[in-house]
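To find a chain, count down the sequence lines: A is the first, B the second, and so on, and within it residues start at 1.
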Amino acid sequence: MGIFTNEPIRLIVQGITGKDGLFHAQKCAEYGTNVVGGVTPGKGGESIDRWPIYNSVREAKAATKANATMIFVPPANAADAVMEAADAGIGLIVCITEGIPIMDLMRAKRYIADKPVRLIGPNCPGIITPGEFKIGIMPGFIHKPGGPIGVVSRSGTLTYESVFALTNAGFGQTTCVGIGGDPVKGTDFIDVLQAFNEDRATEGIVMVGEIGGDNEEKAAAWIKANMKKPVVGFIAGITAPPGRRMGHAGAIVNGNSGTGKGKLDAFRENGIVVCENLGDLGAIAKQTFT
Amino acid sequence: MKIHEYQAMELFAKYGVPVPKGEAVFDVESAVEVAAGLGSWPVVVKAQIHAGGRGKGGGVKLAKNIAEAREHAKSILGMTLVTRQTGPKGRLVRRLLVEEGCRIAKELYLGILPDRETGMHLVMASAAGGMEIEEVAETSPERIVRVYVDPLAGLLDYQAREVAEGLGLPKAASKQFLGMLKNLFRLYLDYDASMLEINPLVLTEDDKVLCLDAKIDVDSNALYRHPDILAYRDTDEEDPHEIDAFKYGLAYIKLEGGNVGNMVNGAGLAMATMDAIKAAGAAPANFLDVGGGASAEKIANAFHILLSDPNIKGILINIFGGILRCDTLANGVLAAVRETKLSVPLVVRMEGTNVEEGRRILRESGLPMITADSLTDAAEKIAAAVK
């Protein structure tokens, strides 16, 4: 069944009448996801491809019993779309939109904090349980159903690269989650790691991080304290030049963490198997997971 | 996006935040005129560049009379100012801020920014102003007051008082500070600041608070709702390649000393590609993310930007197609190679959506390019080609 879902997915697409929204609604349906409709304010009552369009998420939910949404709404309205979905009681919200102002996100994140919803993203490729469903923009064919590896990553295409390496090395995936590249996001590494730790089908985890922030360091500490399964970690941006930081106060809040070296050290100190060169991921997976 | 200090001060003034009287100028004579018109001495002549640490680099000087004002304006305008934030190449100074001096009793620090870890607004203040805040954090972290502000509730009165108490202000100044902090917080919110910083904020000898510095960075994702900030943009402060990239919607950062240009989709994969180039023994010349939905035209523009760097000895294209389809990429690459009459080796590695079609297009084009079937393979091939 994969993580973050405990009932069959019934997916709506917010922004289904946009080019990307429709294209990926179709791709998700092709992959086997049960797409039940779309939302575009002002176009309720119309339909697109095989799907009915609703004016609001509340309407869509009442008509389709949707329990998940994939958001392609433009950046200026995307945070609003997230809050609307949460208010309508959609349990799984996957926000693909890139370029949302950070203050909009901070408000949305706080707004949904006490509601029974899981937000993945924004600015992310989404979530896929290979062979069952995909909610997102990842190319489905690079995945291999059946597990036993869980993948979590901050990046989009880097997730594909990692998944493809696993597939080529013969490892299927339980669930792959792209948590997104924005500084403020709905789901962090630890949320996903926790779910993988409890998921019986997942036997090992690949965690793909990148420079900046201290999510990886915190996740590493969490892994040491809690994780019962082997974890392979990769960090992108080891060669990125220093001095491109956001500025003074940002640097101080993050302290010395945030550098690639600091993250790799944190991985090693906490028992995570480090993959230094992404090209070696398949081989390292074989050593670690078999 | 960064703006100049004098521009930030204009916004401060608009929000009722106290700043010294002053004006921005572009030439020496205007500087002298403004200095004379301020009505009191000394005046301060400050270089306006998008980087901090100007004082230590000789970009901020005190003038006690007209002759000194002229001398300082002459020496600072046109100088290449090197600070810890500009890198060794420094920045050419094209603008000055001339402002009235004041009698400083105490230097303080104040900053507001979105805190990525908590998703809250963070107000930071320290009585150890003037120093670099990183240094304070390292040597005496207890001297920094941190207040986390709920984005739904906004800055609460008691939180503002906590900041004021942390700065140890005298009573009269404290009251003025509370009003100022609220206005600053409103400005920070209204303008989607990704950073608002004042270093130093000063307490004057007559117990008033005054911002002797103003730094505002605006969230580039929010620029669409701030046309007045876009009007503040100073392209002289940006790398010309980065300006082009911005125009075409590409994320580009030039790296010093590199010889391999690279074009990748996705920031994470772009960084991993740079790492792989380095691991293979060559040096990446840039970071370039063409984004998820790149068109053939965007690919061609990206190509032009890469080729405009004279140090480039080879190009690596690494695309893992999700939204971006490999056939679109292949057509874009072909058009760009033909149009630019490419003369350096090109290695192309692609994978993902429509990859077979993309590979067929490249194969049948008959153009000279090296194909690779994995990231490591691609990095090794380009490293060998530029040797």
Side-chain angles (χ1 to χ4, degrees), chain A residues 20 23-24 75-76 98-107 109-111 125 137-139 141-142 153-161 164-165 181 183-184 208 210-211 213-215 218 234 236-241 243-244 246-255 260 276-280, chain B residues 52 85 87 111 113-117 119-122 124 132-134 137 144 150-152 189 192 194-195 197 199 215 217 219 221-222 224-225 253 255-256 264-269 271-272 274-279 284 287 291-293 319-323 351-353 374-377 379:
Chain A
D20 290 336
F23 178 77
H24 287 289
E98 179 178 355
I100 304 175
I102 191 168
M103 289 199 186
D104 293 8
L105 277 175
M106 291 164 76
R107 261 198 313 278
K109 182 175 177 168
R110 188 74 185 86
Y111 186 80
I137 58 176
M138 61 289 276
F141 74 91
I142 60 171
S153 166
R154 256 166 84 179
S155 148
T157 46
L158 197 50
T159 320
Y160 313 162
E161 189 81 50
F164 200 51
V184 172
V208 181
E210 57 189 57
I211 53 169
D214 69 352
N215 282 344
K218 281 187 181 149
F234 172 79
I238 303 298
T239 57
R244 280 300 193 150
M246 294 307 291
H248 263 177
I252 143 184
V253 183
N254 298 331
E276 286 201 32
N277 192 330
L278 199 54
D280 301 334
Chain B
Q85 286 185 14
L113 73 159
D115 178 45
R116 56 191 292 159
E117 308 307 335
M120 305 279 216
H121 303 295
L122 172 56
M124 286 194 300
E132 288 185 35
I133 194 68
E134 288 96 332
I144 301 180
D150 186 320
L152 293 181
L189 287 181
D192 283 287
S194 53
M195 151 89 67
E197 192 174 40
N199 194 13
K215 179 173 191 254
D217 293 352
D219 179 2
N221 286 344
Y224 71 90
R225 56 192 180 201
I253 293 172
L255 306 179
E256 296 301 325
V264 187
N265 65 329
L269 189 58
M271 285 193 278
M274 285 162 41
D275 295 346
I277 291 169
K278 191 113 181 191
F287 165 96
I319 300 289
F320 210 117
I323 298 185
E351 203 61 68
T353 310
S374 73
L375 175 55
T376 311
D377 185 36

Pick whichever of [options] has the most heavy-atom pairs under 4.5 Å with chain B.
{"options": "A:P75, A:S155, A:A236", "answer": "A:A236"}
{"options": "A:V208, A:I142, A:D104, A:L278", "answer": "A:D104"}
{"options": "A:G156, A:P183, A:G279", "answer": "A:P183"}
{"options": "A:P125, A:G181, A:P139", "answer": "A:P139"}

Tell me, for [X] versus chain A, whether the close heavy atoms (under 4.5 Å) come from the side chain, the backbone, both or neither.
{"X": "B:F287", "answer": "neither"}
{"X": "B:I319", "answer": "neither"}
{"X": "B:D275", "answer": "both"}

At a heavy-atom separation under 4.5 Å, does [X] approach chain B through its side chain, its backbone, both, or neither?
{"X": "A:A165", "result": "neither"}
{"X": "A:M138", "result": "neither"}
{"X": "A:I102", "result": "both"}

query = Does any N or O in the side chain of B:N221 come within less than 3.5 Å of the main-chain N or O of A:I100, such that one atom is a donor and the other an acceptor?
reply = yes

Could you check if a side-chain atom of [X] sits within less than 4.5 angstrom of a side-chain atom of [Y], using non-hydrogen atoms only?
{"X": "A:F234", "Y": "A:S153", "answer": "no"}
{"X": "A:T159", "Y": "B:F320", "answer": "no"}
{"X": "A:R107", "Y": "B:L152", "answer": "yes"}
{"X": "B:L255", "Y": "B:M274", "answer": "yes"}

query = Would A:M103 and B:H121 count as a side chain to side chain contact (heavy atoms under 4.5 Å, CB included) if you check the C-alpha gap in whole Å, the side-chain angles of each, and the deciding distance to 0.1 Å?
reply = CA-CA 9 Å; A:M103 289 199 186; B:H121 303 295; 4.2 Å; yes

Worked check of side chain to side chain contact (heavy atoms under 4.5 Å, CB included) between B:M271 and A:I238 = CA-CA 8 Å; B:M271 285 193 278; A:I238 303 298; over 6 Å; no

